[in-house]
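Read through the structure below, which is laid out as structure tokens, and then see the notes.
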Amino acid sequence: MSTKRLLSTADFHAIPPIIRNSLQWAHNSTAQSNTPFLPKGPSVLATNLIKSYSERGLIKEARILFDEMPERDVVAWTAMIAGYTSCNHYSHAWAMFCQMVRNGVEPNAFTLSSALKGCKSMKALSYGALVHGLAIKHGMKESMYVNNALMDMYATCCVSMDEACMVFQEIDVKNAVSWTTLITGYTHRGDGYGGLRVFRQMLLEEAELNPFSFSIAVRACTSIGSYALGKLIHSAVITHGFDTNLPVMNSILDMYCRCGGLSEANQYFHEMNEKDLITWNTLITGYERLDSTESLHIFSQMESEGFSPNCFTFTSVTAACANLAVLNCGQQVHGGIVRRGLDGNLALANAIIDMYAKCGSISDSRKVFSEMTCRDLVSWTTMMIGYGAHGYGKEAVELFDEMIRSGIRPDKIVYMAVLSACSHAGLVDEGLRYFKSMVGDYNITPNQEIYGCVVDLLGRAGRVEEAYELIESMPFKPDESVWGALLGACKAHKLPNLGKLAARRILDLRPNMVGTYVMLSNIYAAEGKWGEYANMRKLMRGMGSKKEAGRSWIEVRDQVYSFVVGDKMGSHIKWVYGVLDLLIWHMKEAGYVPDLDCLIHDQEDAT
DNA sequence: GTAGGGTTAG
């Protein structure tokens, strides 16, 4: 059998029978091209098969067939390039394209748009620009497909939308795809206003509207957080009769989740007459952010309705377990992920690291992190935040250095993670060294949050004066979080005057932050200034708002118990106080002296 | 026989 030359017997039998038969047919037709019934030249059947293989993910088989073709025309080359692109093998697609050009085969509009799609996915602007040059050289500036693909590539690869807009303006008669591509370009880079501006222009020019334009317009509303515009576009969707299109409905559901409220999202969800996995994922994610317990209920409901969870589902479900700090549930979810073979997904692995850290099992976080075959900046950052929260400053610092050695360029967020870890572990000089390196080596301009971290770093260690000097030297006006870090330090190290200054700065910026009054009144109380203390308390009562008491919760034998200061907690309370007494005894033995200054507000808040 | 835009995570 001639096919044996193409594939091993095992591989051959792994191919679905329909393709297997046509493979034999195509192969015979290419091998016996002297048959009078078949035309000479490149096999149309073989080209069809390349496409067919690629669609099924059998890209290796497609390539073997391509290599075996006695003659390859531009269509066969294009099918192979497009095949690699559709299977996410972008560098192979680019290599094919280069080889084709080197072999003297002239690309057509199909080839160039396929090549551009690959450039876009690789974010390879220089390759894309090269294709643009070839498009001009071969006189394909009039092709709508090439122009739209060029716009898409520039919108994805360039720092600004200027290049994409330039291509757009050069298109004489824009079609629906041109408009949608431009709106998507703006929206996907986070510029929802830009996207909506183009959408408005599209309406003014009476361009053809279809479900694609509406789903991206709704997404643009979501990204700017505009519920009013979102509802307006929802009405337009109904007017145009696109309210039964699933992707449009899904984007509307997402809009209600993020800009409306859960009750509205829920109502819309139940009104939807068709649902797919994305619908369920959107709702689960919406609930994860605002009501994690309910998101877990929706997840089991989804499964009972026969939907099989994917990476997106599990990422949200894992995040819900992290929010609730329910280790047992998180472990079960992790088990489900491994069983389905989804543990190789990068974003999902990152979520699992975070979940274990938030559920108190930092060793499991580390285990997942260590076993990852590839890591991104989020992986490293998540692990560092976990270490920092568990008080493992040294480990976080080591991880940061390892990350730099592995060639990953740090960003502001990972610096915040390592600075915060240093702060909590008292590694002041290390932290300051990182702060200097951030500016000096990586040219990262510190923002409010970074200054807040460094103020906290110095402040916690008792270097409060230095922290104040840093605030004074800031090149922009410090916000309440920076002053808040200083206030915390003043309270901890008993510096009432500086503390009062910090508190006043916060109250200038945020007069309604009740917590600041609490801190200020405690400073007065610690100084014995009871008149000032009473004034503060009176002010707070006049504000009508209360500082919400901190709530803690713990999972014991599949049951979650939550409590606030002074909680009676039913019959278990005597056990809790028993353990507390024991802990206090241990702390005193170790030489800790309790800070009684904060007792005043604790008692008042509890009542 | 070969090419296009939209919805869900971090």
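First the proteins, then the strands, lettered A, B, ... as listed; each starts at 1. None of these values were measured; they are calculated from a predicted model.
Put simply, CD on A:Glu208 is 16 Å from P on B:dG6, counting in whole angstrom units. Rounded to whole Å, atom P of B:dG6 lies 12 Å from atom CD1 of A:Ile278. Put simply, CD1 on A:Ile59 is 15 Å from P on B:dT2, counting in whole angstrom units. Computed from coordinates, the A:Phe110 CZ to B:dG4 P distance equals 10 Å when rounded to whole Å. Rounded to an integer number of Å, the gap from A:Asn345 CG to B:dT8 C1' is 13 Å. Going from atom CE of A:Met153 over to atom C1' of B:dA3 covers 15 Å, rounded to whole Å. Taking atom OH on A:Tyr53 and atom P on B:dG1, their separation rounds to 20 Å, with Å as the unit. If you measure from atom CH2 of A:Trp179 to atom P of B:dG4, you get 23 Å, rounded to the nearest angstrom.
Comparing B:dA3, B:dG1, B:dG6 by their nearest atom to the side chain of A:Val75 picks out B:dG1. Of the candidate nucleotides B:dT7, B:dG5, B:dA3, B:dA3 has the atom nearest to the side chain of A:Ser143. The nucleotide whose nearest atom lies closest to any side-chain atom of A:Arg258 is, among B:dG4, B:dA9, B:dA3, B:dA9. Considering only the side chain of A:Lys117, B:dG4 comes nearest among B:dG6, B:dA9, B:dG4. Of the candidate nucleotides B:dT2, B:dG5, B:dA9, B:dG5 has the atom nearest to the side chain of A:Asn210. Residue A:Tyr145 has its side chain nearest to B:dG4 when only B:dT8, B:dG4, B:dG5 are considered. Across B:dG5, B:dG4, B:dG1, the shortest atom-to-atom separation from the side chain of A:Thr184 is found for B:dG5. For A:Ser114, the side-chain atoms get nearest to B:dA3 when compared with the rest of B:dA3, B:dG6, B:dG5. For A:Asn245, the listed nucleotide lying nearest its side chain is B:dG6; candidates were B:dT7, B:dG1, B:dG6. The listed nucleotides are B:dA9, B:dG5, B:dG1; the one nearest the side chain of A:Asp73 is B:dG1.
For a distance-only test at 3.5 Å, the side chain of A:Thr181 fails to qualify as a donor-acceptor partner of the base of B:dG5. Between the side chain of A:Asn175 and the base of B:dG5, no donor-acceptor pair of N or O atoms lies under 3.5 Å.
As judged by a 4.0 angstrom heavy-atom cut-off over every strand, A:Ile50 is placed among residues making no nucleic acid contact. Residue contacts shown for A:Asp376 are absent, as no nucleic acid heavy atom lies under 4.0 Å away. Residue-level contact check: A:Met80 touches neither bases nor backbone, having no heavy atom under 4.0 Å from any strand. At the heavy-atom level, A:Asn350 lies nowhere under 4.0 Å from the strands shown. Counting non-hydrogen atoms under 4.0 angstrom, A:Asn310 reaches nothing in the nucleic acid. Among the atoms of the strands shown, only primed sugar atoms or phosphate atoms (P, OP1, OP2) are found under 4.0 Å from some heavy atom of A:Ala82. Counting non-hydrogen atoms under 4.0 angstrom, A:Val248 reaches a base of the nucleic acid. As judged by a 4.0 angstrom heavy-atom cut-off over every strand, A:Ala217 is placed among residues making no nucleic acid contact.
Ring orientation note: the planes of A:Tyr268 and A:His234 are nearly perpendicular, at an angle over 60° on the 30°/60° scale. Aromatic ring orientation, A:Phe269 versus A:Trp280: perpendicular (interplanar angle above 60°, classes split at 30° and 60°). Ring geometry, A:Trp77 versus A:Phe66: the interplanar angle exceeds 60°, so the pair is classed perpendicular (tilted spans 30 to 60°).
Between A:Leu327 and A:Ser361 the shortest side-chain heavy-atom distance falls below 4.5 Å.
Put simply, A:Arg219 has no side-chain N or O that comes within less than 4.0 Å of OP1 or OP2 on B:dG6. Contact annotation: A:Lys51 reaches the phosphate of B:dT2 (side-chain N/O to OP1 or OP2, under 4.0 Å).
For A:Tyr415 and A:Phe400, the distance between ring centers is under 6.0 angstrom.
Put simply, the residue from A:Asp354, A:Ile413, A:Val414, A:Asn350 that forms a side chain to side chain contact (heavy atoms under 4.5 Å, CB included) with A:Val378 is A:Asn350.
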For A:Glu303 and A:Arg340, what are the C-alpha separation, side-chain angles and deciding distance, and is it a salt bridge (Lys or Arg N to Asp or Glu O under 4.0 Å)?
CA-CA 14 Å; A:Glu303 282 197 302; A:Arg340 286 172 178 81; 3.2 Å; yes

